[in-house]
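The structure appears right after this line, and notes come after that.
Any value given below was found using the heavy atoms of this structure, including those in side chains, with hydrogens, waters and symmetry copies removed.
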Amino acid sequence: MAPAPPLATSFSLAEVQRRLAAGACWVRRGSRLYDLTGFVRHHPGGEQLLRARAGQDISADLDGPPHRHSANARRWLEQYYVGDLQADPQGFLENGAVTSSGTQKTDLELEPRLKEVDWEKDLVDWKKPLLWQVGHLGEKYDEWVHQPVIRPIRLFHSDFIESLSKTVWYSVPIVWVPLMLYLSWFYYQILAQGNVRLFTSFSTEYSVTVQKSVFPGLFVLGIVLWSLIEYLLHRFLFHMKPPSNSYYLITLHFIMHGQHHKAPFDGSRLVFPPVPASLLIAFFYGLLRLLLPEAVGGTVFAGGLLGYVIYDMLHYYMHFGSPHKGSFLYSMKAHHVKHHFVHQRSGFGISTKLWDYLFHTLIPEEPHSKMQ
C-alpha cells in the first residue's frame with residue numbers, strides 16, 4: 001500500500017514519483033495533485049482506466065470523451081486533493097518518469113480552482129449524529145443530500161441503535177439464504193401432496209389444483225416480482241422529494257435512502273441491516289399469505305427473498321466491485337454510478353434495467369460535449 005501523504009500543501013516531482021513507484025495512484029489537474037489510491041476500485045470506468053492515468057493530467061479526461069464528468073464528480077475529486085506540484089506541471093510524470101515538454105498543456109489561469117472540502121463550513125456538524133440535523137436544512141436538503149462525500153455517516157447518539165443501522169455485506173446471505181432454502185423445501189413438500197387449490201374463495205367447482213411442477217414458475221415469479229418492488233420502492237419512496245417545510249419527512253427520507261446518496265461508499269450502509277429488513281420482509285410474507293394459498297404465497301415469497309439477496313449483493317458490488325469492461329456488471333455499475341452522481345431522478349433499477357425501460361426512466365445516453 002502506498003504511504004499516506006504528509007501534512008503538506010506542495011510536493012516535488014521526486015516525491016510524487018516516489019509515491020507512484022510505491023503503487024499510489026496520484027493524478028493532477030494543472031498543478032493540483034489528487035491521491036486516488038483509495039478510489040480506484042470504485043471508479044465506474046474500472047480500476048485499470050485510472051491506473052493508466054497515474055501521474056498524468058486528467059483535465060481533458062474530465063471533459064471527455066467518452067463523456068463529460070458531472071459537477072458532482074468534480075466536487076468528489078476535490079475530496080482527494082493533497083496539495084500542489086512544486087514544478088512546471090508540463091514536465092510531470094508518466095508511469096513514474098518525467099515527461100517531455102511536449103505533453104498536453106493546461107492553462108492554469110482558465111482552469112477552475114475549486115477549494116478543498118471544508119467540513120467545518122458544511123450545512124451540518126459532522127462531529128454529531130446527522131439524523132436530527134438534516135430536517136432543519138429545509139429547501140437546502142435536496143441539493144445537499146445529492147452532493148456525495150467520501151466519509152462515513154453517523155445517524156444516532158446511541159451506540160446500540162447505531163449498530164443496528166449498519167451491517168457488513170455478508171450478513172445478508174448468512175441471514176436470509178438459509179431461510180429461503182428452508183421455505184423453498186417446506187412449501188415444495190406441501191405442493192407435492194397435491195392438496196393446494198387456487199380460487200377456492202370464489203368457487204369450489206372451478207378451483208384449480210396446484211401441481212408441484214409449477215414450483216419453479218412460482219419461484220421465478222417471486223424473483224421477478226421482487227425486481228418490480230425494488231424498482232417501485234426506489235423510485236416512489238426512496239426518491240420522493242420531501243416538502244422543504246417538513247422536518248419529519250426530510251428526516252424519514254434521509255434515514256431511508258438519503259444517507260446512502262450522501263455517502264455512497266460507506267460500506268457499512270450499502271446493504272439492508274437484518275433487523276430493519278426483517279420488518280419489511282415479514283410484511284411482504286404476511287401480505288402474500290393473505291392474498292394467496294399458503295404454499296403458493298410461500299413459494300412466491302421464497303423466490304422474492306432470493307431476488308432480494310441478489311439485489312443487495314449486486315448493489316454492494318456496483319459500489320465496491322471492479323467488473324471487466326464490456327461485461328453486464330460493468331454496464332450495471334456505470335448505470336448505477338450515473339444515478340448517484342448525475343441522474344438521481346432516473347435509473348432506479350439495481351438488479352435489472354427492465355422496469356426502467358418499461359416505465360421510461362432509463363438514464364439517457366448523452367452525446368459528448370466539451371466544456372465551454
Side-chain angles (χ1 to χ4, degrees), residues 1-6 8 10-70 72-87 89-100 102-106 111 114 117 148-151 264-267 270 316-338 340-342 368:
M1 180 178 293
S10 61
F11 298 87
S12 66
L13 282 173
E15 174 66 9
V16 177
Q17 184 174 14
R18 183 177 69 83
R19 293 180 181 279
L20 290 173
C25 184
W26 283 34
V27 298
R28 71 178 177 91
R29 292 184 68 199
S31 63
R32 290 174 68 81
L33 296 170
Y34 303 89
D35 181 4
L36 301 183
T37 310
F39 178 67
V40 289
R41 287 183 57 244
H42 312 320
H43 185 252
E47 178 175 348
Q48 293 306 314
L49 189 147
L50 279 186
R51 290 288 183 187
R53 285 160 176 75
Q56 298 182 17
D57 190 326
I58 60 170
S59 300
D61 295 296
L62 290 175
D63 291 342
H67 64 273
R68 180 177 181 272
H69 286 66
S70 67
N72 268 338
R74 295 162 191 266
R75 188 180 295 109
W76 180 270
L77 175 65
E78 289 303 312
Q79 296 175 88
Y80 293 92
Y81 170 75
V82 290
D84 292 325
L85 183 65
Q86 296 176 345
Q90 295 179 26
F92 197 52
L93 307 167
E94 187 171 292
N95 297 325
V98 180
T99 63
S100 68
T103 51
Q104 180 179 357
K105 297 182 179 180
T106 302
E111 181 187 61
L114 298 175
V117 177
V149 298
I150 60 175
R151 60 185 300 162
F265 292 103
D266 184 345
L270 277 177
Y316 187 89
Y317 186 80
M318 287 174 196
H319 284 263
F320 283 95
S322 186
H324 294 291
K325 188 173 183 179
S327 66
F328 167 76
L329 290 175
Y330 182 92
S331 171
M332 293 303 295
K333 176 169 183 169
H335 178 260
H336 188 59
V337 172
K338 287 179 183 178
H340 270 280
F341 283 83
V342 188
H368 166 65

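- Salt bridge Arg19/Glu15: present, at least one basic N to carboxylate O contact under 4.0 Å.
- Distance check: Phe39 CZ to Leu77 CG gives 9.0 Å after rounding to the nearest 0.5 Å.
- Once rounded to the nearest 0.5 Å, the distance linking CG of Leu20 with CD of Gln56 reads 10.0 Å.
- Note that CG of Asp57 and OG of Ser31 are 9.5 Å apart. Values are rounded to the nearest 0.5 Å.
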Derivation of the side-chain hydrogen bond (donor to acceptor under 3.5 Å, both in side chains) call for Gln79 and Tyr34
CA-CA 8 Å; Gln79 296 175 88; Tyr34 303 89; over 6 Å; no
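- Taking CZ from Arg32 and OH from Tyr80, the interatomic distance works out to 15.5 Å, rounded to the nearest 0.5 Å.
- Of the options Asp84, Val16, Val27, a side-chain contact (heavy atoms from CB on, under 4.5 Å) to Leu33 is made by Val16 and by none of the others.
- In terms of heavy-atom proximity, Arg51 sits nearest to Cys25 at NH1-CB, 3.8 Å.
- Evaluation of the ring pair (Phe, Tyr, Trp, His ring centres under 6.0 Å) rule for His319 yields His260, Phe265, His315, His336, His340 as partners, not counting sequence neighbours.
- What you find for Val149 and Pro264 is that their closest heavy atoms are O-CD, 3.8 Å.
- Rounding to the nearest 0.5 angstrom, the gap separating the CZ atom in Arg28 from the CG atom in Leu85 is 7.0 Å.
- No side-chain heavy atom of Leu13 sits less than 4.5 Å from a side-chain heavy atom of Gln86.
- In terms of heavy atoms, Gly30 sits closest to Ser59 at N-OG, 4.0 Å.
- In terms of the ring pair (Phe, Tyr, Trp, His ring centres under 6.0 Å) criterion, Tyr317 has no residue partners (sequence neighbours excluded).
- Of the inter-residue distances, the one linking Phe11 atom CZ with Gln17 atom CD reads 15.0 Å to the nearest 0.5 angstrom.
- Proximity of a side-chain donor or acceptor of Lys333 to a complementary backbone N or O of Pro323 within less than 3.5 Å is not detected.
- When all heavy atoms of Gly83 and Tyr81 are compared, the pair lying nearest together is O-CE1, 3.2 Å.
- The shortest heavy-atom contact between Arg74 and Leu62 is NH2-O, 3.2 Å.
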